[in-house]
Amino acid sequence: MEKHTNLNKSFHIQTFGCQMNEHDSETLAGMLAEMGYIENENKRAADVAIINTCSVRENADKRFFGTLGQLKKVKEERPDVVVAVCGCMMQQQHIIDTLKTKYPWVDLIFGTHNLHEFPKLLTNVLNERSKIVDIWEDGGEIIEGLPAKRMYPFKAFVNIMYGCNNFCTYCIVPFTRGRERSRRPEEIVAEARSLAASGVREITLLGQNVNSYGNGSDFSADFADLIYQLNEIEGIDRIRFMTSHPKDLSDKLIAAFRDCKSLANYIHLPVQSGSSAVLKRMNRKYTKEDYLLLVEKLRAAVPDIAITTDIIVGFPGETSEDFEETMDLIRRVRFDSAFTFLYSIRKGTPAENYTDQVPEAEKHERFNRLVDQLNEITGEINKTYEGKVEGVLVEGPSKTNPQILTGRTESGKLVHFKGTEDMVGQIIPVKITEGKTFNLFGITETVE
Ligand code: SAH
Ligand code: SF4
Ligand code: F3S
């Protein structure tokens, strides 16, 4: 049989979902690059078109099927194209059933636990021109040393653990990503060192709940220990992490914020609701008061820490009093910003069967009120940056005006300022001249 050659072949990956998925796509891109493929911006022209899916909310599901529908035409016109789908949706049996019956033209289906097998699976599809569906039930041993084709040369995602054991009652992730498994600290430190050597200035440590890093493993380091080790690495100037569950945020980690120069003054700490009754039904294992106390401790240790969060509106049984508790909490905490979500029923989660669903109109009314209040607070906080000089890690020219650069403060805020190309990838002092709700504007000393 004639073997397939990848010379001048191209790929396109469309990614839905969280940073974990984005990083998985970087791994896929890295593996494809090693196989000789080049990236193609145009998904209709690529030889391998991949969709990396997310199942966290219903609209993510809908967008996936919409996108897949677009690829059907491409497949009809160019039957040689390989269409591959992967990611969290593939770990759900009803999705696989739908794909098999309604989308039989999809060439390759794989899941979150066998990402590392992708080169082999793709080669099999190409050589045998057969359709492959390969889904693993749970993650086996952690595979080290996979390549990654990263979006920026100066900042990088680093997985520290996989999976989730928390089973929040609304959430699909424990079903799509399996049980918690932590990478060995020496592997993580080695990766961070090699990233630093290649010019990376900022790393974001990834895990569904980084605070339980190391639990159940055969090494003794916990998450704070890991941060102390990473803080020693020359060249890594900013360490971020995502996501931290309030129930496991330790005093030791709060101390690390104070002690570690490279740990950014930023934390994403999803609260989900301000009502202790709702939190209990969500199985979050903390109360409104616990959360407020954590915020107080964080601010006592790092007064200028930026705190962002996730909030779900309309969880089953959320009364208007419960919702007012959330409004009260956001006014007391004053989040730097927040991601807000309408509750979305997920098949297979405990809350799927909760009967007291909040009516749609009520959900939307609450949602709009919440967003208005959050935006007002964000705008007020951002205004307090005016006149300050912030170190900005410059990401590149702005999409709308190439003379304007964009970058982020240590606290994670997006800044626009006039600069020169050579600043990209560096941390530049920028004087903030204007703080708006969604971004800051500033000037540098050198470029007026
Ligand atoms: N591991 C992270 C969250 C991952 S999912 C954590 O525990 O914080 C990202 C966010 O999606 C969650 O924080 C939650 O706010 C939201 N989310 C998850 N499931 C949802 C659902 N069924 N409906 C609406 N929002 C949901
Ligand atoms: Fe989902 Fe909860 Fe796990 Fe986060 S901690 S991924 S919200 S189950
Ligand atoms: Fe979505 Fe999976 Fe992330 S469900 S939010 S891509 S872990």
Side-chain angles (χ1 to χ4, degrees), residues 13-28 51-61 63-64 85-92 95 111-113 115 139 157 159-180 205-213 215 241-249 267-274 278-279 281-286 291 307-316 318 326 335 337-354 357-358 363 366-367 370 374:
I13 307 177
Q14 185 161 0
T15 310
F16 294 93
C18 62
Q19 276 104 338
M20 196 82 64
N21 247 22
E22 271 178 46
H23 189 41
D24 283 351
S25 289
E26 292 181 340
T27 305
L28 289 170
I51 310 177
N52 189 3
T53 63
C54 167
S55 37
V56 81
R57 284 171 293 275
E58 195 184 1
N59 62 359
D61 285 15
R63 282 173 57 211
F64 163 61
V85 293
C86 61
C88 287
M89 284 177 77
M90 304 308 132
Q91 296 298 139
Q92 297 175 282
I95 299 290
T112 59
H113 300 303
L115 190 82
F157 293 127
N159 270 322
I160 65 163
M161 58 193 296
Y162 302 90
C164 180
N165 289 355
N166 292 311
F167 292 95
C168 302
T169 53
Y170 50 80
C171 186
I172 196 73
V173 173
F175 303 93
T176 63
R177 292 274 173 174
R179 297 292 66 72
E180 281 178 2
L205 309 176
L206 297 180
Q208 293 301 343
N209 176 16
V210 292
N211 295 333
S212 57
Y213 172 76
N215 286 1
F241 54 82
M242 181 88 65
T243 298
S244 168
H245 193 306
K247 81 177 163 65
D248 304 311
L249 202 166
I267 188 166
H268 183 63
L269 193 63
V271 67
Q272 313 301 357
S273 167
V278 172
L279 288 169
R281 271 181 288 121
M282 287 177 162
N283 193 29
R284 291 290 288 181
K285 300 197 170 81
Y286 55 85
Y291 190 90
I307 304 179
T308 61
T309 202
D310 292 346
I311 299 174
I312 297 176
V313 175
F315 184 73
E318 181 189 78
T326 301
F335 290 107
S337 72
F339 295 102
T340 44
F341 307 106
L342 287 166
Y343 170 69
S344 165
I345 301 179
R346 301 288 65 206
K347 216 178 158 81
T349 62
E352 182 194 3
N353 304 314
Y354 293 4
Q357 298 290 336
V358 177
K363 264 201 236 182
R366 289 178 193 172
F367 186 86
L370 179 72
L374 285 164

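Both ligands and their constituent atoms are indexed starting at 1 by order of listing. The first residue of the sequence shown is numbered 1, and numbering continues consecutively from there.
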What part of I312 sits under 4.0 Å from ligand 1 if we count only heavy atoms: the side chain, the backbone, both or neither? side chain

In terms of atom number and element, which parts of ligand 2 are under 4.0 angstrom from non-hydrogen atoms of R284? 2 (Fe), 7 (S)

Under 4.0 Å from ligand 1, counting heavy atoms only, is it the side chain of H245, its backbone, both or neither? neither

Per-atom contacts of ligand 1 with R57, taking only distances under 4.0 Å to non-hydrogen atoms: 11 (O), 16 (C), 17 (N), 23 (N), 24 (C), 25 (N), 26 (C)

Among all protein heavy atoms in this structure, tell me which lies nearest to atom 7 (O) of ligand 1, with the distance rounded to 0.1 Å. R284 NH1, 3.6 Å

Non-hydrogen atom of R177 closer than 4.0 Å to ligand 1: no

For Y170, which part has a heavy atom under 4.0 Å from ligand 1: side chain, backbone, both, or neither? both

Tell me which part of F167 gets within contact of ligand 2: side chain, backbone, both or neither, using heavy atoms under 4.0 Å. backbone

Under-4.0 Å heavy-atom contact with ligand 1, by part of P270 that carries it: side chain

Check whether any N or O atom of N209, backbone or side chain, sits under 3.5 Å from an N or O atom of ligand 1, and answer yes or no. no

Taking only non-hydrogen atoms of V173, do any sit less than 4.0 angstrom from ligand 1? no

Can you report which non-hydrogen protein atom sits closest to atom 3 (Fe) of ligand 3, along with the distance? C18 SG, 2.3 Å

Please work out, at 4.0 Å between heavy atoms, whether the side chain, the backbone, both, or neither of L342 comes within that distance of ligand 1. backbone

Which protein non-hydrogen atom lies closest to atom 3 (Fe) of ligand 2, naming both residue and atom, and how far is it? C164 SG, 2.2 Å

Check for me whether M89 has a heavy atom closer than 4.0 Å to any atom of ligand 3. no

For R177, is the nearest heavy atom under 4.0 Å from an atom of ligand 3? yes

Answer side chain, backbone, both or neither: which part of Q19 comes under 4.0 Å from ligand 1, heavy atoms only. neither

Atom 15 (O) of ligand 1 has as its nearest protein heavy atom Q272 OE1, 2.7 Å

Q208, portion touching ligand 1 at heavy-atom distance under 4.0 Å: both

Hey, is ligand 1 close enough to T243 that some N/O pair sits below 3.5 Å? no

Using a strict 4.0 Å cut-off to heavy atoms of Y343, name the atoms of ligand 1 that fall inside it. 23 (N), 24 (C)

